[in-house]
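Below is one structure, written out as structure tokens, with a few remarks after it.
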Amino acid sequence: MSIAHNLKTVLDRISFAASHAGREPSSVRLVVVTKTVDIDRIREAVAAGGLLLGENRVQEAKEKIEKLGSIASWHLIGRLQTNKAKYAVKLFDLIHSVDNIELARELDKQAAKTGKVQDVLIEVSIAGEAAKAGVALSAAADLVREAAKLKNIRIKGLMTMPPYSDEPEASRPYFRKLSELRDRLEQESIPNVSLKELSMGMSGDYEVAIAEGATLVRVGTAIFGERH
Ligand SMILES: *Cc1c(COP(=O)(O)O)cnc(C)c1O
């Protein structure tokens, strides 16, 4: 199937899942995940209506953005090393993967230098797998409160990636915990923090994520096919 066809199918399924959950379809946005995808296929996806593009490596994104320019809004969804914060601030409208205070401080510093306020999400590791990206659930609230003090970054919400499973329903408890964390933090009304965005759900489980409140779903394989 063509990229345009696949993209339309995903957008239709997003709308359906949102309506089914009693939500406005426009409250869920698709991040088209373009990691490992070549320039021509990215162009096709944008032409077919992809508005947000997600990359997981700074260097790969930089090369693509230099070629494609601002044809869409670029998001960083993968792990960010502190020493690459400088580039990330130049390249991305939203960074989904802030999971420690040193990184938040460096992004703040680099954003200040360029006169930008960098939008970020706090990535939470609900399962608490040590090797995986994301701040532990138990430490997430403290990270949000600390990072909220930085004036050149703005926290827009939370992100998570459940452990891999073939079964979409296996992700539901993780999505629900992220949503509950968001609700708890919202009650604190922390200044400089808006927790509107929940970035959760990938090709295998985005409909479950939407049922649990996702506002950004990150989908690659269902649009471009398997990565090699
Ligand atoms: C690759 C990736 C995705 C997309 O995964 P698919 O299963 O191909 O849809 C989503 N989020 C992150 C963080 C990724 O690295």
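Just follow the structure's listing: the first ligand is 1, and inside any ligand the first atom is 1.
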inquiry  = To the nearest 0.5 Å, what is the distance between OG on Ser15 and CG on Leu30?
reply    = 10.5 Å
query = Is it true that Glu180 and Lys177 have a side-chain N and a carboxylate O under 4.0 angstrom from each other?
reply = no
inquiry  = For Arg105, is there an ion pair with Asp108 - N to carboxylate O distance below 4.0 angstrom?
reply    = no
message = Is it the case that the side chain of Trp74 and the backbone of Gly69 share a donor-acceptor pair, with hydrogens and angles ignored and the cut-off at 3.5 Å?
response = yes
request  = Tell me which one of His96, His75, Arg218 gets a heavy atom nearest to atom 4 (C) of ligand 1.
outcome  = Arg218
message = Heavy atom to atom 12 (C) of ligand 1, shortest distance: which of Thr36, Val31, Thr34, Ile77 holds it?
response = Ile77
message = Below a 4.0 angstrom heavy-atom separation, can you tell me which part of Asn56, side chain or backbone, both or neither, approaches ligand 1?
response = side chain
message = If the cut-off is 4.0 Å to any non-hydrogen atom of Val219, which atoms of ligand 1 fall inside it?
response = 9 (O)
message = If the cut-off is 4.0 Å to any non-hydrogen atom of Gly220, which atoms of ligand 1 fall inside it?
response = 4 (C), 6 (P), 8 (O), 9 (O)
task = Report yes if some N/O of Val33 lies less than 3.5 Å from some N/O of ligand 1; otherwise report no.
result = no
task = Verify the distance criterion only: is there a donor paired with an acceptor across the side chains of Glu123 and Thr160 at less than 3.5 Å?
result = no
inquiry  = Testing the 3.5 Å rule here: is there a donor-acceptor pair between the side chains of Ser194 and Arg154?
reply    = no
task = Specify the protein heavy atom at minimum distance from atom 5 (O) of ligand 1: its residue, its atom name, and the distance to 0.1 Å.
result = Met202 CE, 3.5 Å
